[in-house]
Number of protein chains: 2
Amino acid sequence: MIYIISVDLKNPKPIYEQVRDGIKNLIIRGVLEPDEKIPSVREMAQNLAINPNTIQKAYRDLEVQGFVYQIPGKGTFVQSRTPGQNREKMEQLLTEVVERVRELIYLGVSKEEIKQVLDDL
Amino acid sequence: MIYIISVDLKNPKPIYEQVRDGIKNLIIRGVLEPDEKIPSVREMAQNLAINPNTIQKAYRDLEVQGFVYQIPGKGTFVQSRTPGQNREKMEQLLTEVVERVRELIYLGVSKEEIKQVLDDL
DNA sequence: CCATGTGTACTATACCTCATAGTACACATA
DNA sequence: TATGTGTACTATGAGGTATAGTACACATGG
């Protein structure tokens, strides 16, 4: 695995959240495939010059959210996708999207521009 | 002004952010009109049973973001909308929207469903 | 002029989260 | 058996959050 994850110590966003969301994005974009092994806690910590406890916290979050699974003695692996589950999470995400789209419209962006961006995904 | 703002002390989101985003949403949705006076720091604090300093921090944030303006001795008022400005902010919002839409698609929601939600705004 | 309400600024305290360092244990595998 | 792995603790320091309290300058109505 290539280490595309970037951590900015000046960012007010906690480090463990930056690591967590960075890996999450790699999984969502398909860069990391199901059952693929991701770097161990200590390896990732050394590579990013971050404390292992902080990486462990990020990995734990990813496991709770269902993006990875951890096997003691073996490692951490990408969890298979399970479409349709987590309706609560989907509604939460939709709420956050709507909130930001409303603000974008308030700032003068048209719905058509926004929908165009979504089409280009 | 009616106090539709709700504050949840059990929410890990800081109180001042809840107040800030609550008022911001009222402005974006048009519930509060330009140059309309919003409750004073002390009045809002007493009404929500929250420390005035916390309300002041929320109001300060709103002023920095351009949603309100404050006049010493008079009060806090809703700022007029300025479309097209803050390109940096618009790009930030778009990034956050895209990130969440990607996750929604990953969870099995189709683009059409998402665009339908936007149309219903 | 004066009392009231307003925004603003400052100190101090307590609590929680974040990040670090260090140590330790159980498991899997070559 | 040695190594790498996830996991679980303790302890410490830094920073953000929320509170309480005090104070000052300004605008307005009586």
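This one's a predicted model, so the numbers in the text were calculated from it and none came from an experiment. Values reported hereafter were calculated over all heavy atoms of this structure, with side chains retained and with hydrogens, waters and symmetry mates removed. A note on names: the letters A, B, ... follow the listed sequences, proteins ahead of strands, and every chain is numbered from 1.
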Novice: Using a 6.0 Å distance limit plus a 45 degree cone around the ring axis, check whether Arg81(A) lies over the aromatic ring of Tyr106(B).
Specialist: yes
Novice: What is the separation between atom NZ on Lys37(A) and atom C1' on dG6(D), rounded to the nearest whole Å?
Specialist: 11 Å
Novice: Given atom NZ of Lys10(B) and atom P of dT17(D), what is their separation to the nearest angstrom?
Specialist: 22 Å
Novice: Verify the contact: side-chain N or O of Lys74(B) to OP1 or OP2 of dT28(D), cut-off strictly under 4.0 Å; return yes or no.
Specialist: yes
Novice: Both Ala49(A) and Arg42(B) contact DNA chain C. Which one's nearest nucleotide lies toward the 5' end?
Specialist: Arg42(B)
Novice: Using whole Å, report how far CE of Met44(B) lies from P of dT6(C).
Specialist: 12 Å
Novice: Rounded to whole Å, how long is the line connecting atom CG of Asn53(A) with atom P of dG13(D)?
Specialist: 17 Å
Novice: Of the options dC10(C), dA21(C), dC18(C), whose atoms approach the side-chain atoms of Asn51(A) most closely?
Specialist: dA21(C)
Novice: On DNA chain D, does the nearest nucleotide to Pro72(B) precede the nearest nucleotide to Lys13(B) from the 5' side, or the other way round? Give the residue.
Specialist: Lys13(B)
Novice: Can you tell me how far P of dT5(D) sits from CD1 of Ile55(A), to the nearest Å?
Specialist: 13 Å
Novice: Run the numbers on Asp21(B) and Lys13(B) for salt bridge (Lys or Arg N to Asp or Glu O under 4.0 Å), then give the verdict.
Specialist: CA-CA 11 Å; Asp21(B) 295 345; Lys13(B) 185 174 180 177; 2.7 Å; yes
Novice: Does a side-chain N or O from Thr76(A) land closer than 4.0 Å to OP1 or OP2 of dG6(D), or not?
Specialist: yes
Novice: How do Ile71(A) and Glu17(A) order along DNA chain C: which one's closest nucleotide is nearer the 5' end?
Specialist: Glu17(A)
Novice: Let's see if you can work this out: which of dT29(C), dT7(D), dC18(C) has an atom nearest to the side-chain heavy atoms of Gln70(A)?
Specialist: dT7(D)
Novice: Are side-chain heavy atoms of Leu62(B) and Thr76(B) found at a separation under 4.5 Å?
Specialist: no
Novice: Any luck finding a side-chain donor-acceptor pair between Gln116(A) and Asp120(A) under 3.5 Å?
Specialist: yes
Novice: Compare side-chain N and O positions of Arg60(B) against OP1 and OP2 of dA9(C) and report whether any pair is under 4.0 Å apart.
Specialist: yes
Novice: I need the CG-P distance between Leu9(A) and dG15(D), as an integer number of Å.
Specialist: 13 Å
Novice: Would the number of heavy atoms belonging to other residues, nucleotides or ligands and lying under 6.0 Å from CD of Gln46(B) be above 12?
Specialist: no
Novice: From the options dA18(D), dT29(C), dT6(C), select the nucleotide whose nearest atom is closest to the side chain of Thr54(B).
Specialist: dA18(D)
Novice: How do Pro52(B) and Lys57(B) order along DNA chain D: which one's closest nucleotide is nearer the 5' end?
Specialist: Lys57(B)
Novice: Expressed as a whole number of angstroms, how long is the span from Gln56(B):CD to dT8(C):P?
Specialist: 5 Å
Novice: Just to be sure I understand the rule, does Tyr16(B) reach a base, reach only the sugar-phosphate, or reach nothing, if contact means heavy atoms closer than 4.0 Å?
Specialist: sugar-phosphate
Novice: Roughly, in whole Å, what's the span from CD1 in Ile38(A) to P in dT5(D)?
Specialist: 12 Å
